[in-house]
*Asks:* 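This is the structure I have questions about; it appears just below.
One-based numbering, in listed order, for ligands and for the atoms of each.
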Amino acid sequence: MSVRKWMRRDLQDLEVYQVQPVFGVKMDANESPFSLKREVREQLAQWILEEEDLQYYPDTDCIALRQRIAAYYGLCTEQVFCGVGSDQIIDCLSKAFLEEGDTILAPAPSFSMYGLTARINHGEAASFPLDENFEYDLSALMAAYEQKHPKLLYICSPNNPTGRLIKDSVLKQILDSVECIVVLDEAYGEFAGADHVGWLAEYPNLVILKTFSKSYGLAGLRVGYSLSSPEIREILDTVRAPYNLNTFSQMAACAILGRPEYEERARFLAEERARVYRGLKTLETVSDLKVYASDANFLFIDCGIEGVAERLKERGLLIRAYSGKMSQYIRMSVGTREENDRFLRAMQEILTAKEK
Ligand SMILES: *Cc1c(COP(=O)(O)O)cnc(C)c1O
């Protein structure tokens, strides 16, 4: 007997989220190349040795972590919501706001979770195009907004996978024009000095998403958070699974928030991004490659040919590849200096090799 027939019919064609097996130099998921400082790892190890309360559920309200985050941004604790990665918060947004037939609007291309969680929560996903340089285009966005009347409008800035920030003037015009929840996903904000926390006071419909997975290098512990009006936070709390964030993750995030090495690391990675960008620019003159300017810890590249991902893999480098009409594009996450040099050398070899 197949139980498949009982699965929701509208989800029958949905595929499992695929991740490539880990391999070589990992430049495929925009993680940090840096691990936790020894001092922090020792602090966490000490905590494990002394902690006697792991048989109890975690603090379901993440009070200590939310207080830390609120103090860091000068907000009140009621404005902070924590999730198992910001992925879970995106899911909570869909759960809380979408009714059957409601739409979310997001850039294309962008982060797949916006549309995926919308679909799973009975909503529909619509998109607006970026311009030819993958920059935000206000008129294209507003045209899609007028047509789709979304409940949730996602602005990913810097946008994954294309890399650019939205201009403050454009963001302001959007916020002044739309009537819906505006989700500003700043997963990569630390690499660009993005700072819109001050805007929350003026826009009660604004939600800012942040994560410990990228610049803080804590992807393995899955901690994300949102900053918003207390009212939105309360709505998110009503649909959240109790005890969502485990004790250890709450504790580790508290230990690293605001530590000075993270600002240095973000600055270093932004400098390295600029260096890799310049290196790839020189390849534009000898190949059909085009590299796009980025404000994040990754670069989006039109290789001009297909199959570059496989050839990078032969050289021990794992990057993010795309399919369909994007099959010539790759996204590489900036790594350590040595890793970036390896990537640049490999790209040079692949793109300037004479056809066999
Ligand atoms: C990585 C990423 C996230 C969230 O990651 P979590 O690990 O779930 O916090 C959110 N938005 C974008 C655009 C991302 O690239």
*Asks:* CE of Met251 to CD of Gln43: how many Å apart, nearest 0.5 Å?
*Replies:*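 Between atom CE of Met251 and atom CD of Gln43 there are 5.5 Å.
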*Asks:* For Glu146, enumerate each residue passing the side-chain hydrogen bond (donor to acceptor under 3.5 Å, both in side chains) test, keeping only those at least two apart in sequence or located in another chain.
*Replies:*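 side-chain hydrogen bond (donor to acceptor under 3.5 Å, both in side chains) list for Glu146, sorted by chain: empty.
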*Asks:* Which residue is it: Asn205, Leu105, Ile181, Leu175? I am looking for the one with a side chain to side chain contact (heavy atoms under 4.5 Å, CB included) to Leu153.
*Replies:*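 Checked Asn205, Leu105, Ile181, Leu175 against Leu153; only one passes side chain to side chain contact (heavy atoms under 4.5 Å, CB included): Leu105.
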*Asks:* Can you tell me which residues line ligand 1 if we count any heavy atom under 4.0 angstrom from one of its atoms, in chain and number order?
*Replies:*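 Residues near ligand 1: Gly85, Ser86, Asp87, Phe111, Tyr114, Cys156, Asn160, Asp185, Ala187, Tyr188, Thr211, Ser213, Lys214, Arg222.
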*Asks:* Between Ile69 and Cys82, which heavy-atom pair has the shortest distance, and what is it?
*Replies:*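 Heavy-atom minimum between the residues: CD1-SG, 4.1 Å.
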*Asks:* Would you mind listing every ring pair (Phe, Tyr, Trp, His ring centres under 6.0 Å) that reaches into residues 1-30, with sequence neighbours excluded?
*Replies:*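 Listed once each, the pairs would be none.
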*Asks:* So which pairs with a foot in residues 111-130 pass ring pair (Phe, Tyr, Trp, His ring centres under 6.0 Å), sequence neighbours left out?
*Replies:*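 Counting only pairs at least two positions apart or across chains, the ring pair (Phe, Tyr, Trp, His ring centres under 6.0 Å) contacts touching residues 111-130 are Phe111-Tyr114, Tyr114-Tyr154.
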